[in-house]
Amino acid sequence: MKKIIFLLTFVFALTFSQKGMAVSANNLKEGTRSYEVTTVQTILKNQGYFNSDITGYYGAETKAAVIKFQKAANLAQDGIFGPQTRKALYNAASKHYARTYDDNDIYWLSRLIEAESGSESYTGKVAVGNCVLNRVITDSYPNNVVKVIFDTKYGVQYQPTKNGAIYNTPSQSSVNAAIAALEGARPVGKCMFFYNPRTSTNSWIRNNRQYYVSIGNHDFHI
């Protein structure tokens, strides 16, 4: 199996620069259940603030971990995951010394996610990123995000690279989903393939790969 090993060579301007997308104003707090909570728990766990299971539920342990992070980041320690804490945590995730991805990966993965699943749920977006990263660690495909996205060994793999949609600016949700996938969120496990059965004219995935789950308009296959 190949490992994703990248140098941290880009400044994390994509998400939080003045030219970047606005950070979501939605607050996560005790009692919230959402897929972004899964992202938050994953990043907090990777950075040593959260030691419990990743559940997607914002309980007392998640609140305590957020308070620890807020204290370390010199933010108001209210345990609420609001705009300032969100920005600080995602920025910290991008700069974390132990991470195995760089800002180029966020840049391209978020654009593919937006192009392939811009109208899908947050979970559906993370699932698309999950599929891409499963290819990165599989011997049959190139060993980095950009090469997987633009791979043409078996034909064009992702239509946005052909029709130009890959170059569109991603939403904040797609950027967050890319980070979540790169940080280890795996809503579709070992899947490497996805397609929209309502619009696809190619039946290869359906006929040749094991079906796993449907999320929104996409079917995911191993």
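Basis for what follows: all heavy atoms, side chains included, without hydrogens, waters or symmetry-related copies.
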With side-chain hydrogen bond (donor to acceptor under 3.5 Å, both in side chains) as the test, would you mind laying out the steps for N168 and E114 before giving the verdict? CA-CA 8 Å; N168 295 340; E114 179 71 18; over 6 Å; no
Applying side-chain contact (heavy atoms from CB on, under 4.5 Å) to Y195 and R206, what does each step give before you reach the verdict? CA-CA 9 Å; Y195 75 107; R206 181 178 67 248; 3.3 Å; yes
Hey, is the main chain of G79 close enough, under 3.5 Å, to the side chain of Q70 for a donor-acceptor pair? yes
Please walk me through it: do T152 and Q157 pass side-chain hydrogen bond (donor to acceptor under 3.5 Å, both in side chains)? CA-CA 6 Å; T152 58; Q157 297 298 298; over 6 Å; no
Is a side-chain donor or acceptor of D105 paired with a backbone partner of D102 at a separation under 3.5 angstrom? yes
Can you tell which of S174, S117, S110, S119 makes a side-chain hydrogen bond (donor to acceptor under 3.5 Å, both in side chains) with K125? S174
Determine the sole option in V66, L44, I179 for which the side-chain contact (heavy atoms from CB on, under 4.5 Å) test with L89 is passed. L44
Would you say that I113 contacts P170 through its side chain, given a criterion of any heavy-atom pair below 4.5 Å between the two side chains? no
Within-4.5 Å side-chain heavy-atom neighbours: Q41 and T62: yes
Suppose the criterion is ring-ring contact (aromatic ring centres under 6.0 Å, His included): which pairs have a residue in residues 38-66, not counting sequence neighbours? Y49-F69
Side chain to side chain, P142 and V136, heavy atoms closer than 4.5 Å: no
For residues F193 and W204, establish whether the separation of their ring centroids is below 6.0 Å. yes
Does any part of the side chain of I166, heavy atoms only, come nearer than 4.5 Å to the side chain of F150, both counted from C-beta? yes
Is a donor from one side chain sitting under 3.5 angstrom from an acceptor on the other, for S200 and N196? no
Between H221 and Y212, is the ring centre distance below 6.0 Å? no
Under a 4.0 Å N-O cut-off, is there an ion pair linking E36 with R86? yes
State whether a side-chain donor-acceptor pair under 3.5 Å links T39 with E183. no
Do K45 and T42 come close enough that some side-chain heavy atom pair is under 4.5 Å? no
Within the 4.5 Å heavy-atom criterion, are N27 and P83 side-chain neighbours or not? yes
Whether T138 side chain and Y141 backbone form a donor-acceptor pair below 3.5 Å: no
Closer than 3.5 angstrom, by distance alone: can the side chain of D78 be matched with the main-chain N or O of I80 as a donor-acceptor pair? yes
Any idea how F194 and Y158 line up, ring-wise: parallel (<30°), tilted (30 to 60°), or perpendicular (>60°)? parallel
